[in-house]
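Below you'll find the structure, written out as structure tokens, and then a few comments.
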Amino acid sequence: MLEQLNRIEQTALSMLDQVRDEAGLQQWRVKHLGRSSSLSQVLSKLGQLPKEERPMVGRRANQIRQALESALVEKSEALQQVAIQRSLEAERLDVSMPGRPAHSSRLHPATQTLRKIYQILAEMGFQIYWSREVETDAYNFELLNMPAHHPARDMWDTFHTTTPGVLLRTHTSPGQIHAMREFAPEPIRVILPGMCYRYEQLTARSEIQFNQVEGLAIGKNITFSDLKGTLADFARRMFGQNVRSRFRASHFPFTEPSAEVDIECFVCGGSGCSVCKQTGWLEILGCGMVHPTVLRNGGYDPEKHTGFAFGVGPERITQLRHRIEDIRYFWGNDMRFLEQF
Ligand code: FA5
């Protein structure tokens, strides 16, 4: 009987040696330590043995059970170590590898300029007034002193909607009328930023969709000197003390007198090139004293009130600030362009 027990032990241990994984280990446990294992059978037949053999066989059988159980625990631990080792090798973490960069977002260059414009004009006391992008013919033209068929309308190639008299605003100037009608007869000092739309032929300096920031100041005794001082100061704060700017006489139906402000060309430094059309100057805004008819349409008495207005192009200013030679980059969605700012 003892010999049979020794064989059971040896067979079980040598089979345990060949086990390679957790599933094999469970099978081995059922086969060698389970209820129908050879060892359990020996133990169950203990009562049939002669009385004097029973203690010795019983003791040996229990020794073997304990030995097999601790061999099982040992094997299980060894298998776990192997598994850990394997996964460490397979999923090795290389701490010297560079990390994945987190995507940092940034503001579009035109938005950066817009915010700079807001900041400069806010410091001068201008508040933001938001006006609509879809306008009526009346606000975009008529109330700005451009009746139907007025030739000045040709200055703005317009996107009309299918609803008669409703269009996409061609400039931020219609916001002047909205603001005036809201505040008259109180003094006003507002800026009106936002998108404008023109059915233009695309060039390096003209987009069909672009921002403008309108400025409007109305009160008593506001003169052209106030306009000139405000815009000269604006240009210095925007482009630096040494950048030259100039006022050039112009015409807008809603201002009288009217002017345009130019900044010295950033490409040629004023000597003349293709970007500035050989003039040495680049136009950044239109401006003037608010026309008496427009003041009246807004609810002010031109005998008592005067005012000035201007309309700046932030994309053009951004082109000047960063020496961007083509405005079409702004809507190109090219990361190589956007990542530079
Ligand atoms: C106007 O739109 C007038 N409403 C400006 C104004 C306001 C005059 C108040 C008097 C009083 P103009 O069409 O010149 O004017 O446009 C003004 C500015 O908008 C230009 O100087 C330019 O900077 C910008 N701009 C005009 N058209 C485009 C375009 N297609 N793409 C990009 N910027 C443009």
Side-chain angles (χ1 to χ4, degrees), residues 109-110 113-114 117 121 126 129 131 135 139-141 143-146 152-159 168-180 188 190-218 222 224 226-228 230-231 234-235 238-239 245-263 275-277 279 281-291 293-295 298 306-321 324 326-331:
T113 303
L114 267 172
I117 294 172
L121 291 165
F126 287 85
Y129 184 95
S131 189
E135 267 299 356
Y139 275 86
N140 199 81
F141 293 119
L143 294 165
L144 292 173
N145 205 20
M146 282 178 278
R153 288 189 177 207
D154 287 350
M155 280 160 71
W156 294 278
D157 292 308
T158 311
F159 283 111
L168 298 184
R169 67 175 174 190
T170 55
H171 50 174
T172 42
S173 299
Q176 286 187 28
I177 304 287
H178 289 292
M180 283 193 233
I188 296 183
V190 290
I191 52 172
L192 308 114
M195 209 46 104
C196 303
Y197 305 86
R198 291 186 195 176
Y199 184 53
E200 296 222 60
Q201 186 173 7
L202 291 182
T203 67
R205 298 179 21 78
S206 299
E207 259 291 356
I208 57 169
Q209 184 180 349
F210 57 95
N211 284 286
Q212 274 191 354
V213 179
E214 190 90 0
L216 177 67
I218 295 182
I222 291 185
F224 196 87
D226 296 314
L227 168 65
K228 215 175 162 200
T230 304
L231 292 179
F234 170 79
M238 196 71 203
F239 300 105
S245 61
R246 73 170 183 186
F247 274 71
R248 183 169 37 81
S250 184
H251 169 72
F252 296 102
F254 35 91
T255 45
E256 182 57 36
S258 305
E260 279 174 309
V261 173
D262 299 335
I263 298 287
V275 172
C276 60
K277 296 189 196 132
T279 62
W281 298 93
L282 292 168
E283 173 210 319
I284 58 158
L285 61 86
C287 61
M289 299 304 289
V290 181
H291 195 286
T293 304
V294 176
L295 280 173
T306 51
F308 66 73
F310 57 88
V312 197
E315 280 87 354
R316 294 256 177 98
I317 288 183
T318 313
Q319 282 189 278
L320 283 163
R321 287 176 79 202
I324 299 165
D326 199 318
I327 200 169
R328 286 166 286 195
Y329 286 128
F330 286 92
W331 296 103

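Please read these numbers as outputs of a predicted model, since none were measured by experiment. Every number for a ligand or one of its atoms is a count from 1 in the order of the listing. Atom set for the values below is all heavy atoms of this structure, side chains included, hydrogens, waters and symmetry mates excluded.
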Can S206 and Q201 be counted as having a side-chain donor-acceptor contact under 3.5 angstrom?
no
How are the rings of H171 and F254 set relative to one another: parallel (under 30°), tilted (30 to 60°) or perpendicular (over 60°)?
perpendicular
Parallel, tilted or perpendicular: rings of F126 and F310 (30°, 60°)
perpendicular
Considering residues, nucleotides and ligands other than Y329, do more than 12 of their heavy atoms fall under 6.0 Å from its OH?
no
Counting only heavy atoms and a distance below 4.0 Å, can you name the residues contacting ligand 1?
W156, H171, S173, Q176, R198, E200, R205, S206, E207, F210, Q212, E214, F252, F254, T255, E260, E283, I284, L285, G286, C287, A309, F310, G311, G313, R316, I327
Could I get the full list of salt bridge (Lys or Arg N to Asp or Glu O under 4.0 Å) partners for R248, not counting sequence neighbours?
E260, D262
Carefully, step by step, assess R205 and L282 under the rule side-chain contact (heavy atoms from CB on, under 4.5 Å).
CA-CA 10 Å; R205 298 179 21 78; L282 292 168; 3.8 Å; yes
